[in-house]
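As the structure is a prediction and not an experimental result, all values here were calculated from the model.
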Amino acid sequence: MRLINKIKEACSRNGSGTVVLFCDEAQRYDENEYEWLRDVHDHLDRIQIRLFTFLVGQQELMAVKTALQHARKTQIVARLMVEELAFHGVRNVNDVATCLAGYDQTRFPRASDWSFTRFYLRQAVDNGYLLGNDAALLWNGFAALHHKHGLPGELEIPMDSFARSVEIVLKEGELRDAAHFRPDTAMWSLAVRSCGYVQSRQAVSSELLAATP
């Protein structure tokens with residue numbers, strides 16, 4: 001009821017009858033928790049508030065849906081698990097540019113001139129630098145590392161590794177910030193090597209091989 005009241009207050013404040021709820025690590029929820037979410041959905045529906053729920057989780061979430069279907073928990077599936085969408089990592093240089101634009105364009109506070117990039121590289125940004133300009137450098141750094149270590153499959157950068165590499169460049173760049181400073185190929189390559197990408201991919205590959213009969 002506290003959640004329902006919170007949602008009602010937010011809808012009243014924003015003049016909207018639509019709510020989007022993201023539930024992370026949803027593969028860990030048990031049946032009671034899914035029943036609870038269904039109850040929230042139904043209660044809001046009765047007062048004309050539409051709730052759209054996104055369950056985000058690992059591959060095991062598919063098994064949860066299948067189990068609920070077999071148990072004939074159709075009301076849960078129909079309200080919370082209608083469509084299945086795979087979440088991919090960064091798969092090409094355009095994806096890289098889109099993600100980097102988030103650092104360049106997102107401001108805090110919203111009405112200020114302080115983007116995430118400018119917070120670390122004020123002088124460079126004030127003189128025209130944007131992280132998005134370096135999309136090819138970052139993508140090529142990951143591609144070179146991927147092939148150097150012979151990692152399986154096509155290159156797909158996990159968001160954790162991507163964000164860590166950008167964080168490394170921003171923090172290192174803060175120490176060098178100047179009007180004409182631009183992160184070079186060597187800085188991006190070092191960030192990619194230091195972000196844990198290779199270790200995480202090798203760990204996942206080892207687990208998959210160990211699980212193969």
Looking at [Y], is its backbone amide N or carbonyl O close enough to the side chain of [X] to form a donor-acceptor pair, meaning the two atoms are under 3.5 Å apart?
{"X": "D177", "Y": "G173", "result": "no"}
{"X": "R72", "Y": "H70", "result": "no"}
{"X": "E156", "Y": "G89", "result": "yes"}
{"X": "T117", "Y": "Y103", "result": "yes"}
{"X": "Q202", "Y": "Q199", "result": "no"}
{"X": "S189", "Y": "T185", "result": "yes"}
{"X": "S12", "Y": "K8", "result": "no"}

Donor + acceptor pair across side chains of S115, D104 (<3.5 Å):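 Side chains of S115 and D104: no pair found under 3.5 Å.
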Can you give me the closest heavy-atom contact between [X] and [Y], atom names plus distance?
{"X": "W139", "Y": "R91", "result": "CH2-O, 3.1 Å"}
{"X": "M187", "Y": "P183", "result": "SD-CB, 3.8 Å"}
{"X": "L61", "Y": "V56", "result": "CD2-C, 4.4 Å"}
{"X": "S165", "Y": "L138", "result": "OG-CD1, 3.8 Å"}
{"X": "Q27", "Y": "Q58", "result": "OE1-N, 3.1 Å"}
{"X": "A26", "Y": "Y34", "result": "O-OH, 2.6 Å"}

Considering residues, nucleotides and ligands other than [X], do more than 12 of their heavy atoms fall under 6.0 Å from its [atom1]?
{"X": "F116", "atom1": "CZ", "result": "no"}
{"X": "R164", "atom1": "CZ", "result": "no"}
{"X": "E154", "atom1": "CD", "result": "no"}
{"X": "R50", "atom1": "CZ", "result": "no"}
{"X": "M159", "atom1": "CE", "result": "yes"}

Under 4.5 Å between side-chain heavy atoms, counting indirect links through other Ile/Leu/Val/Met/Phe/Trp/Tyr residues: same cluster for [X] and [Y] or not?
{"X": "I168", "Y": "V166", "result": "no"}
{"X": "I47", "Y": "L21", "result": "yes"}
{"X": "V82", "Y": "L55", "result": "no"}
{"X": "L121", "Y": "L130", "result": "no"}
{"X": "W36", "Y": "L80", "result": "yes"}

So, taking the atom named [atom1] in [X] and the one named [atom2] in [Y], what distance separates them when rounded to the nearest 0.5 Å?
{"X": "L51", "Y": "L37", "atom1": "CG", "atom2": "CG", "answer": "8.0 Å"}
{"X": "D184", "Y": "L190", "atom1": "CG", "atom2": "CG", "answer": "10.0 Å"}
{"X": "L151", "Y": "S200", "atom1": "CG", "atom2": "OG", "answer": "8.5 Å"}
{"X": "E174", "Y": "F119", "atom1": "CD", "atom2": "CZ", "answer": "6.5 Å"}
{"X": "H43", "Y": "I49", "atom1": "NE2", "atom2": "CD1", "answer": "8.5 Å"}
{"X": "D95", "Y": "L100", "atom1": "CG", "atom2": "CG", "answer": "11.0 Å"}

Side-chain heavy-atom pair [X], [Y] within 4.5 angstrom cut-off:
{"X": "R201", "Y": "H149", "value": "no"}
{"X": "F142", "Y": "V90", "value": "no"}
{"X": "N133", "Y": "R182", "value": "no"}
{"X": "Y129", "Y": "Q123", "value": "no"}
{"X": "D24", "Y": "F22", "value": "no"}

Are L44 and I4 close enough, and set up right, to give a side chain to side chain contact (heavy atoms under 4.5 Å, CB included), and what steps lead you there? CA-CA 7 Å; L44 292 173; I4 290 169; 4.0 Å; yes
Determine, stepwise, if the pair Y120 / V125 fulfils side chain to side chain contact (heavy atoms under 4.5 Å, CB included). CA-CA 9 Å; Y120 290 96; V125 169; over 6 Å; no
For the pair H146 and Y197, name the ring-plane relationship: parallel under 30°, tilted 30 to 60°, perpendicular over 60°.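 Rings of H146 and Y197: tilted, as their planes differ by 30° to 60°.
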Start with the C-alpha distance between E9 and R13, add both sets of side-chain angles, then the distance that settles salt bridge (Lys or Arg N to Asp or Glu O under 4.0 Å), and finish with yes or no. CA-CA 6 Å; E9 291 173 8; R13 185 169 57 250; 5.1 Å; no
Going by an N to O cut-off under 4.0 Å, is there a salt bridge joining [X] and [Y]?
{"X": "R176", "Y": "E172", "answer": "yes"}
{"X": "R79", "Y": "D42", "answer": "yes"}
{"X": "E35", "Y": "K73", "answer": "yes"}

If you apply the rule side chain to side chain contact (heavy atoms under 4.5 Å, CB included), what do you find for F181 with N127, and how did you get there? CA-CA 9 Å; F181 169 75; N127 283 272; over 6 Å; no
